[in-house]
Each structure stands twice: as structure tokens, then as C-alpha cells.
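Down below is the structure, laid out as C-alpha cells.
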2 protein chains.
Amino acid sequence: MLDRDGPAGLTMRAVAQQLGMGTMSLYRYVADREELEGLVVELVLGAVDPAPPEGGGWQERVTVMVERVRVAVGAHPAVVPLTMTHRHRSPAILRWSETVAGILAETVTDPERRVVALRGLLSYLVGAIQLEHLGPLSGPGTAAIAGLDPAAFPHMRQLGGAARQVGADEEFRGGLALLLAGISGGPGPARTRKA
Amino acid sequence: MLDRDGPAGLTMRAVAQQLGMGTMSLYRYVADREELEGLVVELVLGAVDPAPPEGGGWQERVTVMVERVRVAVGAHPAVVPLTMTHRHRSPAILRWSETVAGILAETVTDPERRVVALRGLLSYLVGAIQLEHLGPLSGPGTAAIAGLDPAAFPHMRQLGGAARQVGADEEFRGGLALLLAGISGGPGPARTRKA
DNA sequence: ACCTGAACACCGTTCAAGT
DNA sequence: ACCTGAACACCGTTCAAGT
């Protein structure tokens, strides 16, 4: 239903009708709309395989894990607005985090630095997915950028041409690679503070 | 109104009443609710100073720029759900991007790599702000993590203790520092692809 | 011509009436 | 006891009636 009618199509009434029951019958299974949304989010995120990837270095394995979430959400883009509100209590993301934390433990020995690295990865993942699905690429945003006053936005104007050469996959992977490079960089807190 | 009643409090009727006019009078100034939300988002993001910071290295100046957005949004957390839907056509973010792109041009010469770096920064910024305001820190998420089965989530359990030692500021800055370290890392595309 | 109240088609949820 | 329709209190927006 979400895929067909978008986030606004997921109403208690519509879901009940789809299930061939009265609207109020839904409240037998669900406390309120919030909980129903959570179940939908979990249904989508449940497609993410939490098992650690087999081969490759830690950076490649983290990339595989991150890409799995991107693919799962990409299969149902309409869920993106819902994930934002319901991500925190998702068991699927928790299992995903557990695996990624395990991989990170191989190279980031200090727990506090590992927390920062894990949250950094999650932040990038959340933001990049949203920019991909709700960003300027889809919608009238690109036109707005193209019509910019070149005098006021010289750098953005220059980047506009280059941006068309960078595909969505390349952009996502490239940004992730920058973050991973930073994680593999300096082991001491000095580098972190300096940078 | 957003600060007082949350995102749900921003209704056409409530806004009109606050302004002392009939509900329909709003449509004299605004096409629909979407446009009104956009104006609110722009009002909050308009507080971001787009002028390039004066001193310091490029990493410190980018950090200042990123922190400015975080502070502006942090002053009105209820706007976070709205920014997600309206960020793309925001002139304020465009001006911000122009300045950051200019700073990045100092060290990232290749335009395509600069696009990736800028989008990476924006992705991290968007995700980190959301995790900060809608994440496990606020709400019952932390309790859920604390009550985890230690056998199934050994790494997360271990990180739970360390996470309490890492403040929100430190976490945000730390993750950003990782990304900046990656940007300043390898100039060639080989590193990007390898990582 | 400009402005805006009543009305319409929704929504989530309460509550009492059905079985 | 279990289930669910009617009703309530909202919402954004249309449309025609006011000035």
C-alpha cells in the first residue's frame, strides 16, 4: 500500500479495508497508528541480512553492511519518512549495529572511539538515504540549482556540471569511503581532535 | 507555535487563529500547507550565517559551518521532521553549500571529488542532526538497549557503557572529524575506490 | 475585486452497542 | 467476552456567499 499510494496512503481505514475488516478491528492487533507504522518500518528493515559478510577487509565488509540497508530501503522508498520517526526502536537496526560494531572492533580498539565511528556511520547512512530519496535529484530542486545566479553561486554553479557526472551509487559509495578512510586514519585521539 | 505544540501543532487553523484571521485568509498568502511548512523551515535555516569563517584551516572552517546549522536547528528541534521534506529547495542551505563548496575547493581540486565530499558532509549533517533529536538518546530507545540480551548483543552491550561517556557534542564533532580526515586523506581516486 | 465562513471529504480514536 | 459500527473531534481544502 505504501509503495502504491505513498506515506499518506497508509491510513487505519485503508489498511483495514485492504484486510477486509472493520476499521476498529485493527485496534485488536495494534495500539495506535504509531505502532502500525513501526511494524511497517520493521517489515522493510527486516529484509536487511544482519549476518557478517564473509570475506574482505573490514572496510569492504562495513560497506556491504551499509549497502544492505540502502538496498532494503530503496526497495520501498515511501518508507523513508517513517524510518526517521521509528528507527530508534528497530530490532533490525539493532542487529545491524551489533554486526557493524563487531567489525569495527577489529580496528578501533578504544570503545569510545568505536561509539563515535558507529554513530558516524549510522548518521551518514540515514542522511545519505534521505538525500537520495528526498533530495534535489528527484523533484524540482535540480532546476532551481540550474537557474541559479552564477555570480552569487560560482562554486555551486561549477559543481552543477560535475554533479551530473556522479551517479547516485558512486556518490553514496564515495561519501562512505571518505568516512571509512577517516576511521582507518589515526588511532589516537589527537588526530580526531586535530581534524 | 512549533516550539510549543510540536510539529502537529502547526495547522492552518491554528496559525490563522494565532494571526487573528480566518482560516481561509491564509490562502491569500500561501498556496497550501506545504508552502507554509517551507516558510517555517526557511525561517529556522535563515538563522544560519552563510558568510565564510575568518581564520583557521579549512577543516576548522568547515566544522564551524556545519556547527552553525546544527545550532540553528537545535534551537527549534520540532522543525527537524519538516526540514527533511523541505530541505531541497531551501535558499539558506544553498547559500551554506556555496560557502562550504568554496572552502572545499581549497583542498579538493577535482570537481567530482568535491561533489562527493560536499554531499557526504550534507548527508552526515542531516543524519547526525536527526539521530541527535529523534534518536535513541531521547525516548525509550536507551532503555531498550540497556535491556538487551547480552549474549545476542555483546558488542552493543559493551558499547552501551562507553556511549554514556560520550556527550552529544563530542559525538557530533567526532563523527565529523572522521569525515574530514577522510576528505583530507588521499587525493587520487584510487584511495576512494580502495576504501 | 477582495476576503472568508460554511461545507466537504478526509483522518485517528472513543465509546457504546451489537454478537 | 469479543468484535465493530456510529459518533466525535480534528484536519486541509473547495466553493460560494458575503463585503
Side-chain angles (χ1 to χ4, degrees), chain A residues 1-46 76-91 130 133-134 138-141 144, chain B residues 1-46 76-91 130 133-134 138-141 144:
Chain A
M1 296 180 58
L2 214 67
D3 295 337
R4 196 184 56 221
D5 304 319
L10 193 78
T11 70
M12 302 299 276
R13 282 174 161 88
V15 170
Q17 190 179 359
Q18 186 80 9
L19 268 53
M21 43 171 40
T23 306
M24 284 308 105
S25 309
L26 279 183
Y27 287 82
R28 290 265 114 212
Y29 308 90
V30 155
D32 50 8
R33 180 170 208 260
E34 180 101 345
E35 190 174 324
L36 186 139
E37 288 182 358
L39 290 175
V40 173
V41 170
E42 203 52 27
L43 187 70
V44 172
L45 294 180
H76 308 279
V79 91
V80 171
L82 300 183
T83 47
M84 196 195 59
T85 332
H86 294 272
R87 176 191 8 80
H88 37 296
R89 62 192 86 170
S90 163
Q130 282 185 16
H133 292 287
L134 307 164
S138 65
Chain B
M1 297 180 59
L2 215 66
D3 294 336
R4 197 183 56 222
D5 304 320
L10 192 79
T11 69
M12 302 298 278
R13 281 173 162 87
V15 171
Q17 191 179 359
Q18 186 80 9
L19 267 54
M21 44 170 40
T23 307
M24 283 307 105
S25 309
L26 279 182
Y27 287 83
R28 289 267 112 212
Y29 308 90
V30 155
D32 51 9
R33 181 168 207 260
E34 180 100 347
E35 190 174 323
L36 186 139
E37 288 182 358
L39 290 175
V40 173
V41 170
E42 204 53 25
L43 187 70
V44 172
L45 294 180
H76 307 280
V79 90
V80 171
L82 300 184
T83 47
M84 197 195 60
T85 332
H86 294 273
R87 176 190 9 79
H88 38 294
R89 63 192 85 169
S90 163
Q130 282 186 15
H133 292 286
L134 306 163
S138 64

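In what follows, every chain begins at residue 1, and chains take the letters A, B, ... in the order their sequences are listed.
Taking a 4.0 Å limit (strictly below) on heavy-atom distances, residues 12-35 of chain B reaches DNA chain C at Arg13(B), Gly22(B), Met24(B), Ser25(B), Arg28(B).
You'll find the side chain of His86(A) reaches within 4.5 Å of the side chain of Glu34(A), heavy atoms only.
Smallest separation of non-hydrogen atoms from Ser90(A) and Glu42(A): OG-OE1, 2.9 Å. The shortest heavy-atom contact between His133(A) and Pro77(A) is ND1-CB, 3.7 Å.
Here the CG-CG distance, from Leu82(A) to Leu39(A), works out to 11.5 Å after rounding to the nearest 0.5 Å.
With sequence neighbours excluded, the residues satisfying side-chain contact (heavy atoms from CB on, under 4.5 Å) with Val44(B) are His76(B), Val79(B). Evaluation of the side chain to side chain donor-acceptor pair (under 3.5 Å) rule for Glu35(A) yields no partner, not counting sequence neighbours. Looking at residues two or more places apart in sequence or on another chain, you find a side-chain contact (heavy atoms from CB on, under 4.5 Å) between Pro81(B) and Met84(A), Pro7(B). With sequence neighbours excluded, no residue forms a side chain to side chain donor-acceptor pair (under 3.5 Å) with Asp5(A).
Boundaries of the chain A contact region on DNA chain D are dC3(D) to dA7(D), first to last in 5' to 3' order (nucleotide atom under 4.0 Å from a heavy atom).
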Using atom types as modelled, flag every donor-acceptor pair under 3.5 Å from a side chain in residues 11-30 of chain A to any protein atom, sequence neighbours excluded.
unit_1: Thr11(A); atom_1: OG1; unit_2: Ala14(A); atom_2: N; d: 3.0
unit_1: Ser25(A); atom_1: OG; unit_2: Gly22(A); atom_2: O; d: 3.3

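With both ends at atom C1', the span from dG12(C) to dT14(D) equals 23 Å, rounded to whole Å.
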Problem - Base-pairing string, 5' to 3', of DNA chain C - Watson-Crick or wobble, under 3.5 Å, | interstrand - result: ||.|||||...|||||.||

